[in-house]
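A quick write-up on the structure given underneath.
From a predicted model like this one, the values you see are computed outputs, not experimental measurements. Residue numbers begin at 1 in each chain, while the letters A, B, ... track the order of the sequences.
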There are 2 protein chains.
Amino acid sequence: MKPSFEDLKSELKRQRIGLSVQRLKILAYLAEHLDHPTVDQIYTALITEIPSLSKTTVYNTLSVLQDAGLVRPLQIDEHETRYDIEIETHGHFKCASCGTIYNFSLDPNVMQKIDLPAFQIMDKTVYFKGICPDCLSNKK
Amino acid sequence: MKPSFEDLKSELKRQRIGLSVQRLKILAYLAEHLDHPTVDQIYTALITEIPSLSKTTVYNTLSVLQDAGLVRPLQIDEHETRYDIEIETHGHFKCASCGTIYNFSLDPNVMQKIDLPAFQIMDKTVYFKGICPDCLSNKK
DNA sequence: GTTCCTGCAAAAGCTTTGCAGAAGA
DNA sequence: TCTTCTGCAAAGCTTTTGCAGGAAC
């Protein structure tokens, strides 16, 4: 269930955020690549299309998109931040062998059961680590 | 349920890991402070006791303890890594207002329900964000 | 003509690496 | 003595900041 780029675009418009070429390309890239790209990956992918692009702009844009609630940062093992288009709540699984980060859906009923009465919860993150099916079968 | 420092110490011995003053102090600090200290916090706390201590040693030691399975790194919002003594599975809650990171216990029955059939899961991390009771009452 | 946006350069902050000397067995 | 451990200094990386030039309205 890919988020529609058009929806994301109109959300930017609604929030009166300028639709520069750079911002649109970065947003489009995120909408198409749901594999949690890093700043560097986004930059490297777009530098051919926008030769003048700078990493600062990628950082700036991601910050804007984050404030707008369109993308969310992902803090996984590494020291670099990965980014996710904001879609319905899902968990992440990182394979310790190949490094791939998978999405998986979270049963809302189960998630609701994890609750902290006196706390006001704004966000629930679930992150698993292990070996993915591909790497499991390769080991045989 | 604080982990016993003695148990941790004998675990180090069992794994034939040298019990230097630095390592023991750092381990003791972690066993006493379950509030997920950063490298800098550990360093600052111990520099008075061990004036020669260097941050490199703190990094080295944490890496050794991590490999030994005694502590686990915590990747929360910030760019710096926090450390946790390895105790039974628990979740973390970070208050967006005061920044405190709380531990909370996870119901093993509920956690078991979150499963990925084809994946071999080695570790499950749960991390919530929101406002803690203290900050909620202060806002009144 | 303002305001907003980009991107270079430099700085900042956390972490790692290389290595020499100290400590310990 | 031989191995392990410490800690200084420097480097490495990601991310942030300052700011000037450019684009857009």
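- Comparing Val21(B) and Gln75(B), the nucleotide of DNA chain C nearest to each residue sits closer to the 5' end for Gln75(B).
- Looking at Ile50(A) and Thr57(A), their side chains never come closer than 4.5 Å, going by heavy atoms from C-beta outward.
- Look at Asp40(B) and Lys55(B) and you find a salt bridge, because one of the NZ, NE, NH1 or NH2 atoms lies within 4.0 Å of a carboxylate O, short of that distance.
- Per the geometry, CG belonging to Leu53(B) stands 6 Å off P belonging to dG7(D), to the nearest Å.
- Contact record, Phe93(A) with Cys132(A): CE2-N, 4.0 Å, taken as the closest heavy-atom pair.
- At whole-Å resolution of the value, CG in Asp67(B) and P in dT16(C) are 11 Å apart.
- Between the C1' atom of dC8(C) and the CD1 atom of Ile47(A) lies a distance of 13 Å, rounded to the nearest Å.
- Between Ser52(B) and dG7(D), a side-chain N or O to OP1/OP2 separation shorter than 4.0 Å is present.
- Among the nucleotides dT6(C), dT6(D), dT15(D), the one closest to any side-chain atom of Thr57(B) is dT6(D).
- For Arg82(A) and dT14(D), the CZ to P distance is 11 Å, given to the nearest whole Å.
- Summarising the geometry, the separation between CG on Asp40(A) and C1' on dC13(D) is reported as 10 Å, rounded to the nearest angstrom.
- The phosphate of dT15(C) has OP1 or OP2 within less than 4.0 Å of a side-chain N or O from Tyr59(B).
- Under 4.0 angstrom from either OP1 or OP2 of dC4(C) there lies no side-chain N or O belonging to Arg16(A).
- Put simply, CG on Leu19(A) is 11 Å from P on dT6(C), counting in whole angstrom units.
- The CD1-C1' distance, from Ile50(A) to dA23(D), rounds to 14 Å in whole Å.
- Comparing dT15(C), dG7(D), dT6(D) by their nearest atom to the side chain of Glu80(B) picks out dT15(C).
- Distance Lys25(A) NZ to dT6(C) P: 14 Å, rounded to the nearest Å.
- Judged by distance alone, the side chains of Asp123(B) and Thr125(B) do bring a donor and an acceptor atom under 3.5 Å apart.
- When the side-chain nitrogen and oxygen atoms of Ser20(B) are compared with OP1 and OP2 of dC5(D), none of them lie within a distance under 4.0 Å.
- Distances shown here put every side-chain N or O of Arg23(B) at or beyond 4.0 Å from the OP1 or OP2 atom of dT4(D).
- If you check distances only, the side chain of Thr56(A) does reach the base of dC8(C) with a donor-acceptor pair under 3.5 Å.
- For Gln22(B) and dG7(D), the shortest distance from a side-chain N or O to OP1 or OP2 is below 4.0 Å.
- Here Thr81(B) reaches the OP1 or OP2 of dT15(C): one of its side-chain N or O atoms lies under 4.0 Å away.
- A side-chain N or O of His92(A) and one of His36(A) form a donor-acceptor pair less than 3.5 Å apart.
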